[in-house]
Amino acid sequence: MRLVASPGFVTACAVLLAVCLHPALPIAPPPAVTAALALLLVVGLFAGARRAGGRIVGLGALAVAAALGYDGLRGHHGTLTLEAGSGTNRYEEEGPDGQPLGLRPLGFDLVAEKIEPGGAVLLRSGADARLVVGRGRSASQGGLRIGLADTVPGAEPSVLRISVAGPQGSRLVDVAANAPATVDGLEIGLERYFPDFALDAKQQPYSRSNEPRNPAALLGVRRGSASWRVFVIRAMPGIHKPEGLDRVLSLTEVVPREVVTLRVSREPAAALALGGLLLMAAGAALEARPA
Amino acid sequence: MSLVAAAAALALAAASVLAEIGSVHGRAPALAGRGLAVASALLLVATGRPAAWPAAVLAVAAALVAPRSLPYLVAGAAAVVVALRPPSSSGPGITPLIAALALALAAAAFQRSAEERAAGRPGAPGAAMLGGAALVLSLALLDGGNVLRWQFGVGAGASRVELPGASLVLGVALLVTLAGTLGTSVHFLAAPAPTSQALSLGRRLLVLGAGLAGLGVAVTGAQVSQGGEGALAAGALDLAALALAAGLLVLGVLRMLADERPLARSESASTAGADTKPVLALAAAAALLAAATAGFEGWRGEGTYATDAVARAGTAALLGLGALPATRLGLARIALFTVALLALLAGAV
């Protein structure tokens, strides 16, 4: 017990736990190691406390450790992806390391009514419950907290509107990654997309940014056994006319897909963790008083 | 570039030097330094940029709660970032403000603890050695260690701006400061005598290194400013880190030169005699509060408290707890806590 109560023990546990928790650590330590260090720190804080402030810090640390442990065992995390107008009643649950655990029921229906360009999403749950989530704003529903995920794939403009000009006039088709379009017997697929097209020093194409400032694409076009690769760029319609292809393809527009990815979390002990941290802060502040 | 924030950064650097002079020559320079720091905080608020608030909190906390040269210097580095980054309408939130308060207190506790240790080892240029080590480390790490290859630039990809003139000055500063730090370290580790040739040479090289580092910061700032808004934004953190490290060395050299005079010892010892623990305990309390607000902001904004920001704030808070107990490696533990808070703030602004 003398070892556990020693200042060096508390220091070692706190520093090791800090290292384990830091997101820059290349390899995440096993949860059992982190939990063991947290418990040892709590025991050390209680055993080594000489004044009221130290005991309050220990009490707060106990509350935080209990909250994190409870949420680790009983909490849930996951994501769900919705298109504007679509709905779901389940989400893809993730484990502690982000590994997929399968679909889990939300316990209610969730419909994305509107997706704003800035990322704000108007959600409807049931008949009259309306929620708004966005950057820095999440909402609660049915014991779950719903927020915008860090990465919003739906915000990327990924549908290209292609004009196909031929003897009978022009037609417009939408082409997206893994979603080829068929028009006039031609199957048009997207091979590469450059939102902000440029050529590097070796004359190789690349994209300067993810913003569609100078969109261009390489399309794979097939008709029966014949196939062509056609380069289209919005700034220069119809620039590339491959031999044997009797159509002129041009990129006319980049249409943003209205899809959003939401993060879903159930953390029933969040309030206890917050209270524990505040208690620890109060205890540390009390330690500042002269003995 | 915000000229008002740049003026605040310069004023905070001056406040830092005044606080250092005040620790030797009495209250007047120290009071002038406090006034400059408060004026800098007002200037930072006057920029109208929410990103300037953490730097303003740092300056106010340094002036009112922890009036020492190191907190002023850290506040100056934060003001450099504000000056170089383009304005943003979104605020940084509450967490960086509380982290800034914790950082000012932790930096003051670190400096106080270092002074208490130095008081027991007269003639030892500990602060200059520490500043030299910080400068060598930052130069070796900045831009992926390119200074070691006589290259330096800011940004990445197509927006990268190479700074050939700055790389030359910084490379020479690195070599000279490394030699000076090693020279003084050799004396510490090997010579029982109060003075030695290694110490004498090391001191001179550290003075030269401080001058070259200051020149390097100026040349880098001038070259980056010619690269346009993109280069300024990309190089903001690098330039701030460089300015902080160079400032640490300059302050250390000032202290080293002051310690050569017999007057300095007794007066500087009297200011360093106060206990470190209350300031450190308050810094740890503020870091714990920052972790709590990060958790609340994550829960409210992203729907969960299991975010990277909370993990970083929690790490800093735990290192604060680890720095509190009276046991071995006290100075190293406070330094670790201060660096963690610095990293937390740098990631948040």
Side-chain angles (χ1 to χ4, degrees), chain A residues 6-19 21-24 41 45 48 53 57 60-61 64 71 75 77 133 135-140 144-150 198 200 206 208 262-265 267 270 273-278 280-290, chain B residues 90-91 93 98 105 157-159 275 277-330 332-333 336-337 340 343 347:
Chain A
S6 67
F9 183 83
V10 172
T11 297
C13 286
V15 172
L16 285 174
L17 190 56
V19 171
L21 287 181
H22 201 281
L41 176 64
L45 284 169
V57 170
V64 173
D71 280 349
H77 293 273
V133 300
R135 295 262 171 241
R137 180 177 183 179
S138 62
S140 292
L144 292 171
R145 196 80 186 159
I146 300 164
L148 209 58
D150 287 338
D200 65 13
Y206 76 103
R208 279 178 295 217
L262 301 172
R263 186 202 304 270
V264 181
S265 307
E267 290 165 341
L274 178 67
L277 276 171
L278 292 175
M280 288 176 80
L286 280 176
E287 286 285 289
R289 290 188 314 167
Chain B
S90 60
I98 301 173
L105 292 167
S159 63
D275 192 10
K277 186 162 181 193
V279 182
L280 191 57
L282 285 177
L288 284 160
L289 200 57
T293 54
F296 179 71
E297 285 182 339
W299 180 82
R300 197 185 60 175
E302 297 179 41
T304 174
Y305 63 77
T307 63
D308 279 0
V310 178
R312 287 196 172 87
T315 298
L318 280 167
L319 290 174
L321 270 187
L324 277 179
T327 183
R328 291 179 182 180
L329 299 172
R333 284 183 284 126
L336 203 58
F337 175 40

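First the proteins, then the strands, lettered A, B, ... as listed; each starts at 1.
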What part of B:Ala311 lies closer than 4.5 angstrom to a heavy atom of chain A: side chain, backbone, both or neither? both
Sidechain-backbone polar pair: B:Arg333 side chain, A:Val15 backbone, donor-acceptor under 3.5 Å: no
Any A:Arg145 side-chain heavy atom under 4.5 Å of B:Thr304 side chain: no
Using a cut-off of under 4.5 Å on heavy-atom pairs, state which of A:Leu41, A:Val64, A:Asp71 scores highest against chain B. A:Asp71
I'd like to verify something: which residue of A:Leu277, A:Leu21, A:Leu17 has the highest number of heavy-atom pairs under 4.5 Å with chain B? A:Leu277
Starting at CG of A:Leu144, measure out to OG of A:Ser138 and round the result to the nearest 0.5 Å. 11.5 Å
Distance from B:Leu289 atom CG to B:Ile98 atom CD1, nearest 0.5 Å? 4.0 Å
Contact leader toward chain B among A:Gly75, A:Ala139, A:Ala270, where contacts are heavy-atom pairs under 4.5 Å: A:Ala270
Residue part contacting chain A, namely of B:Ala340, when any heavy atom lies under 4.5 Å: neither
Does A:Glu267 reach the main-chain N or O of B:Tyr305 with its side chain, forming a donor-acceptor pair under 3.5 Å? yes
If you tally heavy-atom pairs under 4.5 Å between each of A:Pro23, A:Ser265, A:Ala273, A:Gly147 and chain B, the highest tally belongs to A:Pro23
Where do A:Ala14 and B:Leu318 come nearest, in terms of heavy atoms and distance? CB-O, 3.5 Å
Taking the side chain as everything from C-beta on, heavy atoms only, tell me whether B:Leu280 gets closer than 4.5 Å to B:Leu324. yes
Per-residue tally against chain B (heavy atom, under 4.5 Å) across A:Ala24, A:Gly136, A:Ser140, A:Gly283 peaks at A:Gly136
Measure distances from B:Arg328 to the heavy atoms of chain A and classify the residue's part below 4.5 Å as side chain, backbone, both or neither. neither
Let me know if A:Glu287 has heavy atoms under 4.5 Å from chain B in its side chain, its backbone, both or neither. both
Please flag which part of A:Val264 lies under 4.5 Å from any non-hydrogen atom of chain B: side chain, backbone, both or neither. neither
